[in-house]
Amino acid sequence: MAIGTPALVRKSSNGLVFSADPVPVRIVLDAVPTRDKHVIDVSITIGLKPGDSTPDRQLLGAWINSLHHASIESADVGARLSPSIRAAVVSAFERIRASEATTTVSEADVAHKLKDVMRSSVRDMGLAMVGSIRVAVATARHTRAAETSQPVATGALHMSSGKSPPAPGHSILVMGGTKLVRIIDAKPSPVIELGSALGSCRCVIAVTLDGKSQLIVGCRGGVHVVDTATGRSIRTLTLESPAGRDLSTGDHAINSVALISTGTRVLATHATLGLASFDLTSGAAKVFSHDAFESDDTHAPKHVIACGDGSAIFAVRGRIWKWSRDKVSPSTLTPGASIIGIEPSADGMFVVIRRDGRCDIIDCTAHLKSSFEISGEPTASSSCGGRVAIAKTDGRVIVGVPEVKLPQMRDQHTFAANVTTGPCRFVALSHDSLIVVPTDRNSVLMIDAKHQTKSFDALQLLGHRITGISVA
């Protein structure tokens with residue numbers, strides 16, 4: 001039974017029907033930066049068809065069952081591929097001038113560079129590429145005016161990062177014990193109680209799944225997927241200890257979580273177990289134990305972060321590791337001092353912040369682009385809109401934009417220890433505020449661009465000391 005374009009898979013009374021012919025898929029990426037401070041709109045067209053293997057068909061079956069309509073169409077694939085390939089597209093155009101980007105030669109060169117990333121991304125979705133990739137570039141727009149606006153007043157958080165600043169309305173997520181609260185526009189929302197099944201909350205990220213705003217919360221013994229609108233846990237991803245130990249108690253816990261850009265898997269680093277990869281459809285977990293990394297409870301995997309090509313990077317001791325298609329491997333990046341954070345920067349880059357003050361700027365393949373040094377010993381980090389905040393043992397927090405071409409932090413500003421009230425246990429960065437939690441973890445401070453501070457008492461908010469913060 002044939003099905004018509006643009007559907008790749010469709011439900012029928014007899015089960016799933018897979019297209020026998022390739023379906024054209026068009027992906028549009030707007031505001032891709034070029035070398036000469038322009039942005040361009042890039043459209044990519046490829047032909048795709050369902051994979052022939054049983055695992056491919058199972059992936060497509062799980063995907064269509066998660067949708068609210070009865071077919072996987074060209075638009076569905078384009079929307080899912082867009083975040084997966086954006087970093088690779090940005091990397092391909094970052095050294096090309098706008099006038100050169102619109103030539104057929106440049107478009108063909110970019111198409112060639114995208115081939116491996118595209119093939120990997122569609123394979124992770126149960127699809128296969130047919131034919132060549134076609135790239136088209138729209139008229140360039142200048143961004144110089146945004147970068148040469150009036151100077152920022154002393155002490156202000158500088159927003160310029162080559163991109164527009166995030167829209168207002170970012171909320172602060174504060175965790176304590178088994179409770180979580182969102183602070184929106186400096187006002188706490190109702191407390192979310194997640195219960196004791198997985199133990200206390202330790203880390204959280206905000207994501208969009210199935211078109212809905214959700215939170216992925218890492219706890220001691222697993223992961224909660226929380227619906228932001230209702231505040232209810234709608235899915236629980238549980239970890240089991242090989243020794244039968246109750247992971248919901250004790251000191252060790254999940255310390256970072258990431259949603260893979262294809263939207264199919266959640267990664268979590270756990271101090272006791274190592275790295276866990278959860279299938280969001282079945283809930284099944286694959287655990288990479290400490291033996292895979294030559295690590296232990298003290299030097300466990302940390303700081304997992306998703307890349308735009310469907311892979312992820314994370315830290316073990318002073319080395320960066322890669323996760324891709326449920327396999328792990330060490331990167332070729334030279335190891336160094338222990339890593340205290342990995343933060344996304346501008347143009348699809350990442351900053352690896354080390355305890356000795358060395359900061360490596362890498363791409364999604366973990367290849368080194370440049371390095372810079374900061375004085376003092378970093379203890380915590382955060383990022384927002386291309387800017388990175390780094391807290392240090394002396395209580396100061398520096399905020400700036402990592403610069404690939406020069407060994408420095410551009411638009412750098414330092415918040416003094418008397419503003420942050422001393423060394424920070426946690427730090428987060430929003431579009432207009434620096435958020436810090438002192439080492440006693442009894443309060444959270446929101447510091448605006450004018451160094452005005454609003455403080456929230458943890459016991460009044462949550463009845464518990466703070467166990468983690470993030471920005472949504």
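Being a predicted model, the structure only gives us computed values, none of them experimental. These values consider heavy atoms only, across backbone and side chains, with no hydrogens, waters or symmetry-generated copies.
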**Prompt:** Arg80 and Asp76: salt bridge (charged side-chain N to carboxylate O under 4.0 Å, His left out), yes or no, with the steps?
**Reply:** CA-CA 6 Å; Arg80 192 163 168 181; Asp76 298 314; over 6 Å; no
**Request:** For Asp56 and Ser53, run side chain to side chain donor-acceptor pair (under 3.5 Å): C-alpha distance rounded to whole Å, both residues' side-chain angles, the deciding distance at 0.1 Å, then the answer.
**Result:** CA-CA 5 Å; Asp56 288 338; Ser53 69; 2.9 Å; yes
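- Looking only at distances, a side-chain donor or acceptor of Ser470 sits under 3.5 Å from a matching main-chain atom of Val204.
- Checked by atom type, the side-chain pair His290/Ser295 shows a donor-acceptor distance below 3.5 Å.
- Side chains of Ser91 and Asp363: a donor-acceptor N/O pair is absent below 3.5 angstrom, by distance only.
- When side chains are defined from C-beta on, Ile340 does not count as touching Arg354, because their heavy atoms never get closer than 4.5 Å.
- In this model, a donor atom of one side chain and an acceptor atom of the other lie less than 3.5 Å apart for Asp326 and Ser277.
- Between Arg265 and Asp279, at least one side-chain N (NZ, or NE/NH1/NH2) sits under 4.0 Å from a carboxylate O, which counts as a salt bridge.
- Atom CD1 of Ile435 sits about 8.5 Å away from atom CD1 of Ile447, to the nearest 0.5 Å.
- In this structure, the side chain of Ser256 engages the main chain of Val304 through a donor-acceptor pair within 3.5 Å.
- The main-chain N or O of Ser43 is never found under 3.5 Å from a side-chain atom of Arg134 such that the two would form a donor-acceptor pair.
- Within the 6.0 Å centre-distance limit, the rings of Trp321 and Phe293 are counted as a close aromatic pair.
- Panel note: side chain Arg202, backbone Ala253; no donor-acceptor pair is recorded below 3.5 Å.
- At a threshold of 4.5 Å between non-hydrogen side-chain atoms, the residues Leu215 and Leu180 count as touching.
- Counting only distance, with no hydrogens or angles, the side chain of Ser331 and the backbone of Ile320 share a donor-acceptor pair below 3.5 Å.
- Using a distance-only test at 3.5 Å, with no hydrogens or angles considered, a donor-acceptor pair links the side chain of Glu107 to the main chain of Val137.
- With contacts defined as side-chain heavy-atom distances shorter than 4.5 Å, the pair Lys11/Asn65 qualifies.
- Asp21 has no carboxylate O lying under 4.0 Å from a charged side-chain N of Lys49, or vice versa, which leaves the two without a salt bridge.
- Ser324 and Ser311 are not linked by any side-chain donor-acceptor pair at a separation below 3.5 angstrom, with hydrogens and angles left out of the test.
- Note: Lys302 NZ to Ile254 CD1 = 14.5 Å, rounded to the nearest 0.5 Å.
- Using a 4.5 Å heavy-atom cutoff, the side chains of Val135 and Ile46 are not in contact.
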**Message:** Please evaluate residues Arg358 and Glu373 with respect to the criterion salt bridge (charged side-chain N to carboxylate O under 4.0 Å, His left out), reporting the C-alpha separation (whole Å), side-chain torsions for both, the decisive distance (0.1 Å), and the verdict.
**Reply:** CA-CA 5 Å; Arg358 190 184 103 194; Glu373 302 277 345; 5.5 Å; no
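- With rounding to the nearest 0.5 Å, the separation of CG in Leu127 from CG in Leu81 is 8.0 Å.
- For the 3.5 Å distance criterion, the side chains of Ser381 and Glu343 qualify, holding a donor opposite an acceptor.
- Listed for the Lys392 side chain is a donor-acceptor partner under 3.5 Å among the backbone atoms of Ser375.
- A pairwise comparison of heavy atoms in Ser12 and Val17 identifies OG-CG2, 3.6 Å as the closest pair.
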**Request:** Go through the steps to decide whether Thr269 and Asn255 satisfy the test side chain to side chain donor-acceptor pair (under 3.5 Å), and finish with yes or no.
**Result:** CA-CA 6 Å; Thr269 55; Asn255 51 56; 2.4 Å; yes
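- Remark: side-chain polar atoms of Ser71 are not paired, donor with acceptor, to backbone N or O of Glu73 under 3.5 angstrom.
- Going from atom CZ of Arg317 over to atom CD of Glu294 covers 8.5 Å, rounded to the nearest 0.5 Å.
- A distance-only check finds no donor-acceptor pair linking the side chain of Arg319 to the backbone of Pro330 [under 3.5 Å].
- Between the side chain of Arg355 and the backbone N or O of Thr379, no donor-acceptor pair lies under 3.5 Å.
- Residue Ile44 holds its CD1 atom at 5.5 Å from CD1 of Ile27, rounded to the nearest 0.5 Å.
- No side-chain heavy atom of Ile469 sits under 4.5 Å from any side-chain heavy atom of Leu173.
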**Message:** Assess the residue pair Arg182 and Ser189 against the criterion (side chain to side chain donor-acceptor pair (under 3.5 Å)); give the C-alpha distance rounded to whole Å, side-chain angles, the decisive distance to 0.1 Å, and a yes or no.
**Reply:** CA-CA 5 Å; Arg182 300 175 70 207; Ser189 62; 5.4 Å; no
